[in-house]
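The chains referred to below are lettered A, B, ... by the order of the sequence lines, with proteins before strands, and numbering in each begins at 1. Since this is a predicted model, take the numbers as computed values, not measurements.
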Number of protein chains: 2
Amino acid sequence: MPEFATLDHESLSSAVYGALCDALIQGRFQPGDRLKIRDLAEQFGTSVTPIRDAILRLANEEAITFRSPRDIRIPSMSESRYREIRAIRVKLEGLAAETAAQVATSADIDCLEQILRDNERAIADGDRLKGTQLNQAFHFMLPEIAGLPVLNGILRRLWLQMGPLISDAYIPGGRAMIDHHYPVIEALKRHDSAAACMAIVDDILLGGKPILERIEREERLQMMRV
Amino acid sequence: MPEFATLDHESLSSAVYGALCDALIQGRFQPGDRLKIRDLAEQFGTSVTPIRDAILRLANEEAITFRSPRDIRIPSMSESRYREIRAIRVKLEGLAAETAAQVATSADIDCLEQILRDNERAIADGDRLKGTQLNQAFHFMLPEIAGLPVLNGILRRLWLQMGPLISDAYIPGGRAMIDHHYPVIEALKRHDSAAACMAIVDDILLGGKPILERIEREERLQMMRV
DNA sequence: ATAAGATACTTGATGCATCTTTTTTGGCAT
DNA sequence: ATGCCAAAAAAGATGCATCAAGTATCTTAT
């Protein structure tokens, strides 16, 4: 069970929500982990009310599920669900990349290149957490550059659902995780929408391979257990 | 302020949430309407807790916003936001239509045709509410047929945000709202993915015209007021 | 009559008590 | 040892009291 960052947002509810989101996206929960409102309340040092608020919000976006009315858990993802999310990401991040390529300024490009440099260093240092965070930052930067906040929110929700899977899936991936980020930047520099879209799609499909393999491995285990 | 359907779900919270969703999707709130937790609690005959739960969930998906920490309102949509949502719908409903075309059974087709027949009758009867509901049912049936539940959830959230706009936008639209549904069904019958995608895209772009005009009208009014 | 300040009210956030249902546990019989 | 049933503990749902912050209203001095 992870420890959480300190609470410093607008309200306790949203602070807890933010902390839980971070924990999910960083892969600090495992599929199947059970959450208890009272336990979390103790860990956060609040009453149960703000925790409930946060849990309900997360449950609403299916980052957490109620297996039964009193059993709150991190869901495990089926292969078909992951494939669906991947297909959605291909369409939406493709749109983001296309649009970003049309409007990207040199400052935007600089920002992306900085992220990529930091990511290279994190991978060289073997800092898995930082690596996944920077990978994520790169992906979220594209809808940002494109000026598509709604799309950004949708992707954030999808990432929340994938979080528990990526915790260790990127160990074998190594730097394959970011190889496809370079063509994205090149395409943005040339304002080449089609190339930007293709590059990010490649990244999603190939970069997601280790995740798919992990899911298949886990589903095989499920089978054998039954 | 609308009246709400009776509560009959699993829990009071989700019942209230469902009722508020229905009200939003049916366009029974207007942009700018203010919600008060205590008032809603009285209307629903519950305490404030389930209402808060529902409101927080809706706020999380941006179907309602907290203008200030104590001022809960139905947001009005900017033109750029609507255009973004439309672009996202084009990608996602396009994907749903493509996939549905590959897997649709004759039972699925029958279901779509039934919806379309009912929709024709509703329009002929001048039943605006039923018309918009059936239009929505048609759109939600495609990801259902395609077996894409995540996509369905995303679209549901987007519809929640558009709900307050469509209440009267479809009056001038008349039956233009469903003209493009026929080519969709034809494409599904032929298992023609590309045609299905194109047809639904046409429907989104052309069917959404009245909504865009309403937004432009309201933004002009906003201008003049300032 | 008007404007500024003070008072009362409104309203969401938080904490907490209680209720019902589920889950766990302990003991007993096989 | 194992499986089953009952009692106890756990846990989320609901209701409600209180708090703090914002809003409206009323008073009062000019």
Side-chain angles (χ1 to χ4, degrees), chain A residues 1-2 4-21 23-24 29-76 225-226, chain B residues 1-2 4-21 23-24 29-30 32-75:
Chain A
M1 191 68 63
F4 301 102
T6 40
L7 314 178
D8 53 0
H9 280 305
E10 35 179 88
S11 76
L12 283 178
S13 293
S14 49
V16 172
Y17 174 77
L20 289 176
C21 282
L24 280 167
F29 288 107
Q30 289 300 304
D33 280 1
R34 185 169 177 188
L35 300 181
K36 296 178 185 176
I37 289 179
R38 284 172 173 83
D39 287 357
L40 289 171
E42 196 176 352
Q43 289 183 57
F44 280 109
T46 73
S47 78
V48 297
T49 308
I51 310 289
R52 273 194 76 236
D53 293 347
I55 295 272
L56 285 170
R57 284 168 68 177
L58 287 167
N60 190 43
E61 46 202 18
E62 293 174 277
I64 289 180
T65 55
F66 283 68
R67 186 180 292 191
S68 80
R70 245 157 280 255
D71 188 4
I72 307 171
R73 287 181 188 267
I74 307 296
S76 57
R225 214 169 296 155
V226 177
Chain B
M1 192 65 66
F4 301 102
T6 40
L7 314 178
D8 54 0
H9 279 305
E10 36 179 88
S11 77
L12 284 178
S13 292
S14 51
V16 171
Y17 174 77
L20 289 176
C21 281
L24 280 167
F29 288 107
Q30 291 298 305
D33 281 359
R34 183 169 179 190
L35 300 181
K36 295 180 186 178
I37 289 180
R38 283 170 172 83
D39 287 357
L40 289 171
E42 196 175 355
Q43 288 183 58
F44 280 108
T46 74
S47 78
V48 297
T49 307
I51 310 290
R52 273 194 76 236
D53 292 348
I55 297 271
L56 285 170
R57 285 168 66 178
L58 288 166
N60 190 43
E61 47 202 18
E62 294 175 277
I64 59 187
T65 55
F66 283 68
R67 185 179 293 190
S68 79
R70 246 158 281 254
D71 187 3
I72 307 170
R73 287 181 189 268
I74 307 295

- [ ] Measure from the side-chain heavy atoms of Phe66(A) and tell me the nearest of dT14(C), dG12(D), dG12(C).
- [x] dG12(D)
Open item on the list: Would you say that Leu35(B) contacts Phe29(B) through its side chain, given a criterion of any heavy-atom pair below 4.5 Å between the two side chains?
Closed with: yes
Open item on the list: Nearest heavy atom decides the nucleotide; on that basis, is Asp71(A) or Ser13(A) closer to the 5' end of DNA chain C?
Closed with: Ser13(A)
Task: Whole-Å gap separating C1' (dT11(C)) and CD1 (Ile72(B)) - done: 8 Å
Open item on the list: Counting C-beta onward and ignoring hydrogens, is there a side-chain heavy-atom pair between Leu24(B) and Ile74(B) closer than 4.5 Å?
Closed with: yes
- [ ] Compare all side-chain heavy atoms of Ile55(A) with those of Leu40(A) and state whether any distance is below 4.5 angstrom.
- [x] yes
Open item on the list: Rounding to an integer number of Å, can you tell me how far Arg38(B) CZ sits from dG15(D) C1'?
Closed with: 13 Å
TODO: Respond yes when some side-chain nitrogen or oxygen of Thr46(B) is under 4.0 Å from OP1 or OP2 of dT14(D), and no when none is.
DONE: no
- [ ] Return yes if the base of dG12(D) and the side-chain atoms of Arg52(A) contain a donor-acceptor N/O pair under 3.5 Å, otherwise no.
- [x] no
- [ ] To the nearest Å, give me how far apart CG (Leu56(B)) and P (dA13(C)) are.
- [x] 6 Å
- [ ] Could you tell me whether the side chain of Ile72(A) reaches within less than 4.5 Å of the side chain of Ile37(A), counting heavy atoms only?
- [x] yes
Task: Nucleotide dA13(D), atom P - distance to CD1 of Ile51(B) in whole Å - done: 15 Å
TODO: Determine the contact category for Ser68(B): base if any of its heavy atoms lies under 4.0 Å from a base atom, sugar-phosphate if only primed atoms, P, OP1 or OP2 are that close, otherwise nothing.
DONE: nothing
- [ ] Could you tell me the separation between the CD atom of Glu42(A) and the P atom of dC16(C), rounded to a whole number of Å?
- [x] 13 Å
Open item on the list: By nearest atom, which of the nucleotides dG15(D), dG15(C), dT23(C) is closest to the Pro50(A) side chain?
Closed with: dG15(C)
Open item on the list: Is any side-chain heavy atom of Phe44(B) closer than 4.5 Å to one of Leu12(B)?
Closed with: no
TODO: Using whole Å, report how far CZ of Arg57(B) lies from C1' of dG12(C).
DONE: 19 Å
Task: Thr49(B) side-chain N/O to dT14(D) phosphate OP1/OP2 under 4.0 Å - done: no
Open item on the list: Taking atom types as they are modelled, would you say the side chain of Arg70(A) forms a donor-acceptor pair with the base of dT20(C) within the 3.5 Å cutoff?
Closed with: yes
Task: Donor-acceptor pair, side chain of Asp33(B) and main chain of Gln30(B), under 3.5 angstrom - done: yes
Task: d(CZ, Arg73(B); P, dG22(D)) in whole Å - done: 16 Å
Open item on the list: How many whole angstroms separate atom CZ of Arg67(B) from atom P of dT11(C)?
Closed with: 15 Å
Open item on the list: If you compare all heavy atoms of Asn60(A) against all heavy atoms of Glu61(B), which two are closest, and at what distance to 0.1 Å?
Closed with: ND2-OE1, 2.9 Å
Task: Any side-chain heavy-atom pair of Ser13(B) and Thr49(B) under 4.5 Å - done: no
Task: Minimum-distance nucleotide (side-chain atoms of Ile37(A) versus dC16(C), dA11(D), dG12(D)) - done: dG12(D)
Task: Helical stems, DNA chain C - three or more consecutive Watson-Crick or G-U wobble pairs below 3.5 Å - done: C:1-30 with D:1-30
Open item on the list: From the set dT14(D), dA13(D), dG15(C), return the single nucleotide nearest to any side-chain atom of Leu12(B).
Closed with: dT14(D)
TODO: Map Lys36(B) and Asp53(A) onto DNA chain C by nearest heavy atom, then report which one ends up closer to the 5' terminus.
DONE: Lys36(B)
